[in-house]
Amino acid sequence: MNDDEDILLVREFKDGNTRVFDRLFEKYQVSLYSICYRFTRNDSDARELTQDILIKVYRNLKQFNERSRFFTWLYRIAVNACLSFKRKQKHHALHYDPPPQTQPMDERVSMKIAIDNALKKLPQRQRISFILRHYEGYTFNEIGEIMGITTGAAKANHHQAVKKLKVLLKEWV
Amino acid sequence: MNICEEFKNRLIDYVENHLSEQEYKRYYEHLRCCRQCQKEYGEVKKLYKILDTDEVVLPEEAFFDDLRSRVRREKMRFRSSFLQKLMRIFVPIFAAAIILLILSRPETTVEIAVPTSALIADREIASLSLSGVIDEELIEQMSIVDNYLSFEMDETIDELTSEEQAVLVEQLYEKYGNGD
């Protein structure tokens, strides 16, 4: 299903056939969850965030004015939800110390933890740019549209993220 | 800027293959003979390889099914909240209209010793021509209110014989009219 098909579904939705939302839901559910997971690094937060985003998309779908591509509009809602979700989390943040390790960890597990920690340490906008570029494969132009920034700024965010990750994961590189 | 610094600045583009063919060839040639840049290049390549191992474990299918039904429930809640907004607008208007109807009744109107809500509930009143019992204008206005509230008209009244209708009128008169 390409963007033209998305637009047709949105038009049908606006005409009152709200059932077509299920098709958009099915198309984007995995991608939205993946972005949320990679951003929060936490399954429960990612589930909550995915739900918030899809409800927000449903509520605002009639306001989609076709001035941008549908996925750009959709991911902009997702990115804004991610950024505000983290702010909400920070507000209620509790200090957490991981339990001491009694056994040596499997290398893959410790690498995953290292990646988790490294990605969490990236500034939010760099993290989003990196996720959209590296894992979702969007161009810098598309990332710029999604984030409401220039193509150059999207590229700069991504490059900064890679440089920081290289330092943060230096033990593994 | 020497070529090593230049390469360092373009390293990510090189790894991600965002260079023109000419640029790519230039850095490729440089890379073959510069150990320092080879090291930098190797580190970024390895970093990407490590980051590629980061797989997302998707939730079970039931999560998405449940989520879809939650969004559907949200659809219904959203619709009902829209209806609630409409009700918030129209209910005071109806109430005001009914009060105005009562206050503006002509002198000749028969007193009705029942609450307005009961009168509206008895929709037969609006559909029957109770000439001389209840004011014609009131009946007409009640019918308008009745239609506006989208009550279904009780067609059984029409099916009654004239004698049965007369009995019904008498009963209604006894029930609602005070006999003035």
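For the pair Gln63(A)/Asn60(A), a side-chain contact is recorded, criterion being any heavy-atom separation below 4.5 Å from C-beta on. With a 4.5 Å cut-off on side-chain heavy atoms, Phe13(A) and Phe64(A) do not count as touching. Side-chain contact between Asp43(A) and Tyr33(A): present, with at least one pair of heavy atoms (C-beta onward) separated by less than 4.5 Å.
Cation-pi contact between Arg38(A) and Tyr135(A): present, with separation from the ring centre below 6.0 Å and deviation from the ring axis of at most 45°.
When the heavy atoms of residues 165-173 of chain A are compared with those of chain B, the residues falling under 4.5 Å are Leu165(A), Lys166(A), Leu169(A), Trp172(A), Val173(A), listed by number.
A salt bridge is absent between Glu40(B) and Arg35(B); no separation between the charged side-chain nitrogens and carboxylate oxygens falls under 4.0 Å. Under a 4.0 Å N-O distance rule, the pair Arg10(B)/Asp13(B) qualifies as a salt bridge.
Taking His18(B), Glu55(B), Lys49(B) one by one and counting their heavy-atom pairs under 4.5 Å with chain A, the maximum is reached by His18(B). Put simply, of His134(A), Lys163(A), Arg108(A), the one with the most heavy-atom pairs under 4.5 Å next to chain B is His134(A). Per-residue counts of heavy-atom pairs under 4.5 Å with chain A were compared for Leu47(B), Ile50(B), Asp54(B); the largest is that of Asp54(B). Between chain A and the residues Leu67(B), Val57(B), Val44(B), the most heavy-atom pairs under 4.5 angstrom are made by Leu67(B).
Using a 4.5 Å cut-off between heavy atoms, Leu11(B) does not touch chain A at all. Heavy-atom distances place the side chain of Arg133(A), and not its backbone, under 4.5 Å from chain B.
Two rings, from Tyr28(B) and Tyr14(B), have their centers 6.0 Å or more apart. Remark: aromatic rings of Phe39(A) and Phe130(A) are distant, center separation not under 6.0 Å.
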Dump the intermediate steps for side-chain hydrogen bond (donor to acceptor under 3.5 Å, both in side chains) on Ser31(A) and Tyr75(A), then the final yes or no. CA-CA 10 Å; Ser31(A) 163; Tyr75(A) 287 125; 2.4 Å; yes
